[in-house]
Amino acid sequence: MSRQFFSIKFVVSVCLLLTASAFCAQQQISEDFAPIEWCFQDTPAPETYWTPWLPLGHQEVLRMRMGFRVSTGSICTKCPVRLTFKYDDNNAESGKDLPIIVKAEMLAVDNSFESSFGINVPNKMQIGFFGISGLPDFLPWYDLPWDFWELLGFVPIPELGGVDIPGTLESLKNNIGVNMSSADALPLGSTEAYHDARDL
């Protein structure tokens with residue numbers, strides 16, 4: 001009985017050791033590093049200054065706000081990196097090199113690429129229930145995929161002296177600057193994440 005119990009115990013121990021070695025053989029360690037930041041001429045991209053939510057006082061159902069920034073030219077990038085190290089415990093022997101596989105990945109971050117030339121006049125429109133200017137929202141509001149300048153182009157304002165006022169304003173807004181930004185991980189070696197947000 002004891003011999004049979006010993007045999008079972010031995011087989012179970014061998015199975016556990018083989019399983020443990022299989023799991024322990026491949027080791028993987030990852031470390032995220034803070035973004036590497038670079039700005040053209042050491043000039044950071046300018047801040048966008050926003051108006052309070054309009055109309056002033058309180059807002060119901062629909063509200064919007066306008067932003068403004070001006071820049072003589074700036075380009076900034078942020079590039080956080082994740083390094084992953086892989087190695088096999090079974091290859092670790094005294095006096096011998098241990099092969100380690102190192103993989104670098106670029107991570108996404110807010111404004112991973114941002115540039116500003118000229119003037120940027122962004123806007124935000126939201127739909128919700130009720131809000132008061134200057135106070136935190138206690139009821140939810142949701143961003144709308146609309147642009148005030150594009151909507152202005154549809155307003156049937158009669159031409160003034162042969163000039164299409166809404167179209168002129170929209171065209172002016174689209175041509176007073178180039179402002180680009182991306183939150184995607186920087187695709188080193190390509191430009192797929194960089195896009196022109198303004199016509200010029």
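Since we're looking at a predicted model, the values are computed, not measured.
- Here the shortest heavy-atom pairing between Trp50 and Asn123 reads CZ3-CA, 3.9 Å.
- The distance from atom CZ of Phe148 to atom CG of Leu54, rounded to the nearest 0.5 Å, is 10.0 Å.
- Proximity of Ser74 to Ser115: side-chain heavy atoms (C-beta onward) are nowhere separated by under 4.5 Å.
- For Ser71 (side chain) and Ser116 (main-chain N/O), a donor-acceptor pair under 3.5 Å exists by modelled atom type.
- Residue pairs meeting the salt bridge (charged side-chain N to carboxylate O under 4.0 Å, His left out) criterion with at least one member in residues 49-75, sequence neighbours excluded: Arg63-Asp137, Arg69-Glu114.
- The distance from atom CD1 of Ile100 to atom OH of Tyr87, rounded to the nearest 0.5 Å, is 7.5 Å.
- What you find for Thr77 and Phe113 is that their closest heavy atoms are CG2-CD1, 3.7 Å.
- Looking at Glu31, Lys103, Glu105 one by one, the single match for side-chain contact (heavy atoms from CB on, under 4.5 Å) with Arg82 turns out to be Glu105.
- Between Leu83 and Phe33, some side-chain heavy-atom pair lies under the 4.5 Å cut-off.
- Separating the CE atom in Met64 from the CH2 atom in Trp146 is a distance of 12.0 Å, to the nearest 0.5 Å.
- The distance from the SG atom of Cys76 to the CG atom of Asn111 is 9.0 Å, given to the nearest 0.5 Å.
- A donor-acceptor pair under 3.5 Å is formed between the side chain of Thr43 and the backbone N or O of Gln41.
- Glu93 pairs by the salt bridge (Lys or Arg N to Asp or Glu O under 4.0 Å) definition with Lys96, not counting sequence neighbours.
- Heavy atoms from other residues, nucleotides or ligands lying under 6.0 Å from CD of Gln28 number more than 12.
- Atom-to-atom distance recorded for Lys124:NZ and Asp147:CG is 12.5 Å, nearest 0.5 angstrom.
- Nearest heavy atom pair, residue Phe117 against residue Thr72, reads CD2-O, 4.4 Å.
- Closest approach of Trp53 and Ser133 over heavy atoms only: O-OG, 3.3 Å.
- Across all non-hydrogen atoms, the minimal contact from Cys79 to Leu186 is CB-CD1, 3.7 Å.
- Closest approach of Asp42 and Pro44 over heavy atoms only: O-CD, 3.6 Å.
- Here the side chains of Trp38 and Ile75 are in contact, with some heavy-atom distance below 4.5 Å.
- In this structure, CG in Leu107 is found 12.5 Å from CG in Asp184, a value given to the nearest 0.5 Å.
- By the criterion of side-chain heavy atoms lying less than 4.5 angstrom apart, applied directly or through intervening Ile, Leu, Val, Met, Phe, Trp or Tyr residues, Ile36 is not grouped with Val109; the two fall into different hydrophobic clusters.
- Between Leu98 and Asp88 the shortest side-chain heavy-atom distance does not fall below 4.5 Å.
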